[in-house]
There are 2 protein chains.
Amino acid sequence: MTAELAERQIGPGAGRERLRATALDLFTERGVSATSLQMIADAMGVTKAAVYHHYKSKDEIVLAVVRPALEQLMGLVRLAESRRSRAAQVETMIVGLADLIIANRRLYALLQGDPTCTAILQRYPEFPTLGERLVALLAGPDPDPGSVVAAGMLLAGLRGAGSDPRVMVLDDEEFRRYVVGCAHRLMRPRRPASATG
Amino acid sequence: MTAELAERQIGPGAGRERLRATALDLFTERGVSATSLQMIADAMGVTKAAVYHHYKSKDEIVLAVVRPALEQLMGLVRLAESRRSRAAQVETMIVGLADLIIANRRLYALLQGDPTCTAILQRYPEFPTLGERLVALLAGPDPDPGSVVAAGMLLAGLRGAGSDPRVMVLDDEEFRRYVVGCAHRLMRPRRPASATG
DNA sequence: GTCTATATGGCGATAGAC
DNA sequence: GTCTATCGCCATATAGAC
């Protein structure tokens with residue numbers, strides 16, 4: 001019995017964890033707004049009331065699903081901001097973002113792309129202006145527009161990096177190398193305004 | 001009166017056009033699923049029934065909003081597929097995608113990112129497997145995983161290219177140069193597996 | 001921790017007058 | 001082309017038994 005508790009995570013808190021996993025599946029597949037608590041309950045094989053026993057509103061479910069990745073992202077931002085050189089800041093961000101997307105391949109799309117998720121995060125502002133700090137770390141202070149475009153493309157693009165079946169099959173190490181390689185090429189400094197053809 | 005008709009687009013079809021513009025605003029801001037017909041009606045200053053006079057379901061509104069950009073994208077894919085060399089295919093795609101995102105800066109996020117929008121497009125399959133053809137044109141036939149990652153990051157990243165206020169203020173020409181530059185760096189061929197540091 | 005039952009409201013969609 | 005009125009359904013959320 002105790003072995004089963006440890007092995008299969010049955011016990012106090014296990015229901016919440018299974019709920020978060022189920023909700024994440026549906027949120028990433030259909031979007032937060034298009035996912036009802038009834039769907040979550042059905043996917044778990046319980047009733048809506050059982051879902052409400054764990055979290056007292058849909059917003060709280062979204063927050064609980066998103067929070068771990070969000071805190072990892074905040075930690076990365078703080079780490080990168082502590083680097084002294086610009087090059088080290090960018091490098092820290094690139095490898096940190098790659099690690100984050102590997103650890104939460106599907107969740108990142110929610111944070112980056114789901115408007116309902118973003119709206120909820122703004123309504124519970126435990127996590128302040130994160131997007132601006134991300135761009136600032138990648139593009140630098142008072143950046144030229146080209147760097148801002150590149151940073152925006154990187155942050156949005158990570159969402160699509162692992163979506164192809166040919167990529168999902170890769171192991172983490174290999175996937176990570178490709179993502180970091182793409183990010184390096186994208187963020188590589190260019191000459192501000194000269195003839196390049 | 002006739003001058004006003006020509007100038008301000010008042011007359012037959014004008015209501016539909018204003019409806020599509022209003023719907024696009026709300027769809028891109030809140031997502032398709034989180035936007036009700038009541039919201040669209042309120043934003044137009046009419047009732048829901050007036051909205052239903054123009055389109056007979058919400059799906060048809062989404063389709064009508066998305067269709068112009070979707071057809072532009074299909075045209076681009078056909079054009080690129082007609083190029084003989086791989087380099088020309090990639091180049092056609094890059095400048096074509098930049099043009100598309102300039103012409104429809106906000107709409108692209110719907111096509112690329114909104115799950116409800118994607119689900120509707122699959123239910124009305126006038127537009128078949130587009131995503132795979134996009135990746136195939138960018139990454140080539142039987143591509144290495146690194147190219148697939150890069151293509152995915154480009155297609156998803158275009159969504160975030162113009163979202164920053166410092167970028168929205170740019171004129172189309174300048175914005176286009178930055179986007180094309182980013183895409184070139186991202187899709188630049190690499191050696192498959194050698195030491196680069 | 002799960003259930004049945006219910007309250008309340010908004011949803012997409014339709015009918016028919018003006 | 002817009003309105004009022006309404007349908008049936010499903011949404012979030014709550015109460016209270018087991």
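Quick caveat, the model's predicted, so the values are computed rather than measured.
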Per-nucleotide protein contact string for nucleotides 4-9 of chain C (B base, S sugar-phosphate only, - none; heavy atom under 4.0 Å): B-----
Check each residue of residues 55-64 of chain A for a non-hydrogen atom within less than 4.0 Å of any atom in DNA chain D, then write out the ones that pass by number, or none. A:Lys56, A:Ser57, A:Lys58
Suppose the criterion is salt bridge (charged side-chain N to carboxylate O under 4.0 Å, His left out): which pairs have a residue in residues 36-61 of chain A, not counting sequence neighbours? A:Lys56-A:Glu60, A:Asp59-A:Arg123
Taking A:Asp144 first and then B:Arg166, would you say they form a salt bridge - that is, a charged N and a carboxylate O separated by under 4.0 Å? no
Provide the closest heavy-atom pair for A:Val62 versus A:Cys117 in the form atom of the first, atom of the second, distance. CG1-SG, 4.2 Å
Given the rule in the salt bridge (Lys or Arg N to Asp or Glu O under 4.0 Å) test, do A:Arg83 and A:Glu91 qualify, once you have shown the distances and angles that lead to the verdict? CA-CA 10 Å; A:Arg83 302 292 191 216; A:Glu91 189 61 20; over 6 Å; no
Sequence-distant partners of B:Asp171, side-chain contact (heavy atoms from CB on, under 4.5 Å), two or more places apart: B:Glu173, B:Glu174
Rounding to an integer number of Å, can you tell me how far B:Glu17 CD sits from D:dG1 C1'? 17 Å
Could you pull out all residues at least two apart from A:Glu29 that satisfy side-chain contact (heavy atoms from CB on, under 4.5 Å)? none
Before giving the answer on side chain to side chain contact (heavy atoms under 4.5 Å, CB included), spell out for B:Leu137 and B:Val90 the whole-Å C-alpha distance, their side-chain angles and the decisive distance to 0.1 Å. CA-CA 6 Å; B:Leu137 281 164; B:Val90 172; over 6 Å; no
What pair of heavy atoms forms the shortest contact from B:Ala98 to B:Arg176, and how long is it? CB-CG, 4.4 Å
Which nucleotide in D:dA13, C:dA13, C:dC3 has an atom nearest any side-chain atom of A:Tyr52: D:dA13
In whole angstrom, give the distance that lies between atom NE2 of A:His53 and atom C1' of D:dA17. 15 Å
Candidates A:Val46, A:Leu26, A:Asp25 - the one meeting side chain to side chain contact (heavy atoms under 4.5 Å, CB included) with A:Ile40: A:Leu26
Under the criterion side chain to side chain contact (heavy atoms under 4.5 Å, CB included), I'd like the reasoning laid out for A:Tyr178 against A:Leu170: C-alpha separation, chi angles, the key distance, then a yes or no. CA-CA 10 Å; A:Tyr178 293 132; A:Leu170 301 177; 3.8 Å; yes
In residues 27-45 of chain B, which ones come under 4.0 Å of DNA chain D, going by heavy atoms? none
